[in-house]
Amino acid sequence: NAGVTQTPKFQVLKTGQSMTLQCAQDMNHEYMSWYRQDPGMGLRLIHYSVGAGITDQGEVPNGYNVSRSTTEDFPLRLLSAAPSQTSVYFCASSLGASQPQHFGDGTRLSIL
Amino acid sequence: DAKTTQPNSMESNEEEPVHLPCNHSTISGTDYIHWYRQLPSQGPEYVIHGLTSNVNNRMASLAIAEDRKSSTLILHRATLRDAAVYYCILKMGGTYKYIFGTGTRLKVLA
C-alpha cells in the first residue's frame, strides 16, 4: 500500500520561482488537505478539498493555489515563492470528514 | 475557532502509564476531539478521536470530561517508541478544518 505519496521530498527554490508540490493517494479518499509546519510549531492548514472539483481555504492560504481534478491527486502550487514559505509541507487524506487522516512523509522546501 | 491548550512537554518512565491533558474550554457541541502524534522527521499519525464518550483502541484511551471542556489521552504502558509530539485537535463540526496547536512533547525515560 502506497498510502499518501508526496513528491519531491526536498526542494530548494529562489525567490520568485514557481513550483508545484505533488500529492497522490491510492485509498480512494474523498477528503484531502495541505498543511505547512514551521520549525518548532504545529501544523497549519493551507487548503483542503472534500472531493474532486471542490476546494476551500484553510488558515494560511495566501500565496498558494490548489486544484482537485481527480480523486487521487491534490497538487499545491506556489506561484511566486517567498522566503516566508520556507517550511515542511504535509499532505493528508481521509475517507470522510471525521475519519482519521493519513499523512504523507512531507516535502522540505527552502526558498532563498 | 475553538482552541486547545496543552503542556509544552512531559516526561514518563518506560512501562508506566502516561496521561496527556488537553483543555478546550470553548469547544462547541459538534466539535470532535482528535489526537495525533508526530515522531521526529515524520508526518503526523492518527491516535484516537471521540465526541462525548470515552474511547479505547489498540494504541490508547481517550477520556473526555463530562462538560467536554477537557480531555486526556492515556497511553497505558509507555515505550521508547512513544516519544513524540502529541497534538490535541478540535475538528470543527460540519467542516474538514483541523486546527493544530503546538502539542506536548513526550519524553520517555528508559
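Note that these values count all heavy atoms, side chains included, but never hydrogens, waters or copies made by symmetry. Protein chains get the first letters and strands the later ones, always in sequence-line order, with residue 1 at the start of each.
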### Query
When clusters are formed by joining ILVMFWY residues with side-chain heavy atoms under 4.5 Å apart, either directly or through shared neighbours, do B:V85 and A:L43 land in the same one?
yes
### Greatest number of heavy atom pairs closer than 4.5 Å to chain A - which of B:H34, B:Q38, B:H49, B:E45
B:Q38
Determine whether more than 12 heavy atoms belonging to other residues, nucleotides or ligands lie under 6.0 Å from atom [atom1] of [X].
{"X": "B:D67", "atom1": "CG", "result": "yes"}
{"X": "A:D105", "atom1": "CG", "result": "no"}
{"X": "B:Y46", "atom1": "OH", "result": "yes"}
{"X": "B:R105", "atom1": "CZ", "result": "no"}

Tell me, side chain or backbone of [X] under 4.5 Å from chain B's heavy atoms, or both, or neither?
{"X": "A:Q37", "answer": "side chain"}
{"X": "A:Y48", "answer": "side chain"}
{"X": "A:Q57", "answer": "backbone"}

#### Entry: Inter-residue atom distance B:Y96.OH - A:L45.CG, 0.5 Å rounding
9.0 Å
### Message
Tell me which pairs pass salt bridge (Lys or Arg N to Asp or Glu O under 4.0 Å) where either residue lies in residues 35-53 of chain A, with sequence neighbours left out.
### Response
A:R36-A:D38, A:D38-A:R44
### Task
Please report the C-alpha distance between A:S33 and B:Y98 in whole Å, then the side-chain angles of each, then the deciding distance to 0.1 Å, and finally whether the side-chain contact (heavy atoms from CB on, under 4.5 Å) criterion is met.
CA-CA 10 Å; A:S33 54; B:Y98 288 80; over 6 Å; no
#### Entry: Greatest number of heavy atom pairs closer than 4.5 Å to chain B - which of A:C91, A:G42, A:P100
A:P100
### Query
Most heavy-atom pairs under 4.5 angstrom with chain B, which of A:A97, A:G40, A:S49?
A:A97
### Task
Would you please name every residue forming a side chain to side chain donor-acceptor pair (under 3.5 Å) with B:Y86, sequence neighbours left out?
B:R37
### Message
Between B:Y87 and chain A, with a heavy-atom cut-off of 4.5 Å, which part of the residue counts as in contact: side chain, backbone, both or neither?
### Response
side chain
